[in-house]
Amino acid sequence: MNKEDPFLAEAQGMANGAIMGRRQGREQGYAQGWDEAIALANQKITALTQEKNDLAWGFNALLAVTAAALDTLEKGPAGQRHAVVMDYLSKVDSWRQSGHLRGIPHADPVMRLKSPETAMQMQSWVEAAIAQAKLQKRDSAPTP
């Protein structure tokens with residue numbers, strides 16, 4: 001066969017066409033796959049952004065409720081604050097053990113950033129309750 005054989009030219013053209021078709025198909029498949037992945041990622045990013053925003057609004061709402069309760073407790077009797085702090089510490093201990101808290105809420109970095117006044121107020125009340133408990137323990141200890 002020589003180069004001018006029509007059969008050879010047709011076969012070579014088909015082979016070249018098949019190679020080009022596969023290349024174009026592969027490129028189109030990569031592009032389509034990339035576009036689908038980006039669309040899916042964008043949907044997930046949108047959902048996560050919405051969830052983050054909802055959690056931020058919820059956190060702010062809880063801070064408003066907490067601030068109102070703490071202001072009321074500040075004006076109330078010390079015994080009432082002490083009872084609240086003891087209940088708070090009990091819940092913190094339970095929630096930390098169950099994995100619902102990563103640490104003591106008033107020492108949490110996000111809490112200290114978002115509401116430093118609330119964190120500092122709770123910390124001072126906790127410290128006062130601990131000091132009172134130590135005094136009571138010392139006073140109730142039998143003397144030799």
Side-chain angles (χ1 to χ4, degrees), residues 1-138 140-141:
M1 279 195 203
N2 61 28
K3 289 185 180 183
E4 289 146 17
D5 184 359
F7 180 76
L8 183 59
E10 182 182 350
Q12 186 61 45
M14 287 181 66
N16 288 343
I19 291 169
M20 287 175 47
R22 281 192 294 272
R23 186 177 302 133
Q24 287 175 344
R26 188 174 25 247
E27 289 171 4
Q28 184 179 2
Y30 285 144
Q32 182 180 352
W34 179 255
D35 292 344
E36 290 172 2
I38 291 297
L40 181 62
N42 284 337
Q43 288 175 353
K44 289 182 179 186
I45 289 169
T46 300
L48 289 171
T49 301
Q50 182 62 46
E51 183 178 357
K52 176 197 70 84
N53 291 341
D54 290 345
L55 288 171
W57 283 107
F59 185 77
N60 289 339
L62 286 173
L63 285 177
V65 170
T66 302
L70 292 180
D71 288 347
T72 302
L73 283 170
E74 183 66 37
K75 298 170 189 164
Q80 189 177 26
R81 278 192 303 277
H82 181 76
V84 167
V85 168
M86 297 312 290
D87 188 47
Y88 165 76
L89 292 173
S90 173
K91 283 182 178 32
V92 166
D93 186 48
S94 173
W95 288 19
R96 284 180 69 193
Q97 288 180 14
S98 67
H100 290 94
L101 289 173
R102 62 181 169 189
I104 300 171
H106 64 268
D108 188 87
V110 174
M111 181 69 164
R112 289 196 174 268
L113 178 68
K114 295 286 277 177
S115 185
E117 306 84 17
T118 302
M120 294 307 292
Q121 189 172 30
M122 282 307 297
Q123 182 174 345
S124 70
W125 288 358
V126 166
E127 289 170 355
I130 291 170
Q132 182 180 358
K134 285 180 181 178
L135 278 175
Q136 287 175 347
K137 186 176 181 180
R138 188 188 74 199
S140 67

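Basis for what follows: all heavy atoms, side chains included, without hydrogens, waters or symmetry-related copies.
Evaluation of the side chain to side chain contact (heavy atoms under 4.5 Å, CB included) rule for E51 yields L48, L55 as partners, not counting sequence neighbours.
Considering CG of D71 and CD of Q121, their distance stands at 6.5 Å, rounded to 0.5 Å. The structure places NZ of K75 at 12.5 Å from CD of Q80, a figure rounded to the nearest 0.5 Å. I38 CD1 to I45 CD1: the interatomic distance, rounded to the nearest 0.5 Å, is 8.0 Å. Here CG of D108 is found 12.5 Å from NZ of K114. Values are rounded to the nearest 0.5 Å.
The residue from H82, E74, H106 that alone fulfils the side-chain contact (heavy atoms from CB on, under 4.5 Å) condition with W125 is E74.
Annotation: side chain of Q136 is in contact with side chain of Q132 (closest heavy-atom distance under 4.5 Å). The side-chain heavy atoms of Q43 and T46, taken from C-beta on, include no pair separated by under 4.5 Å. Between P105 and Y88, the closest side-chain pair of non-hydrogen atoms falls below 4.5 Å. Looking only at side-chain heavy atoms (C-beta outward), R112 and Q123 come within less than 4.5 Å of each other. By the 4.5 Å heavy-atom criterion applied to side chains, V110 and R102 are counted as neighbours.
Side-chain atoms of E36 and Q32 include a donor-acceptor pair closer than 3.5 Å.
S94 contributes no side-chain N or O that, together with a main-chain N or O of S90, makes up a donor-acceptor pair within less than 3.5 Å. The backbone N or O of M111 lies less than 3.5 Å from no partner atom in the side chain of S115, so there is not a single donor-acceptor pair.
Within the structure, every pair that satisfies the salt bridge (charged side-chain N to carboxylate O under 4.0 Å, His left out) test and touches residues 76-98, not counting sequence neighbours, is listed here: D87-K91.
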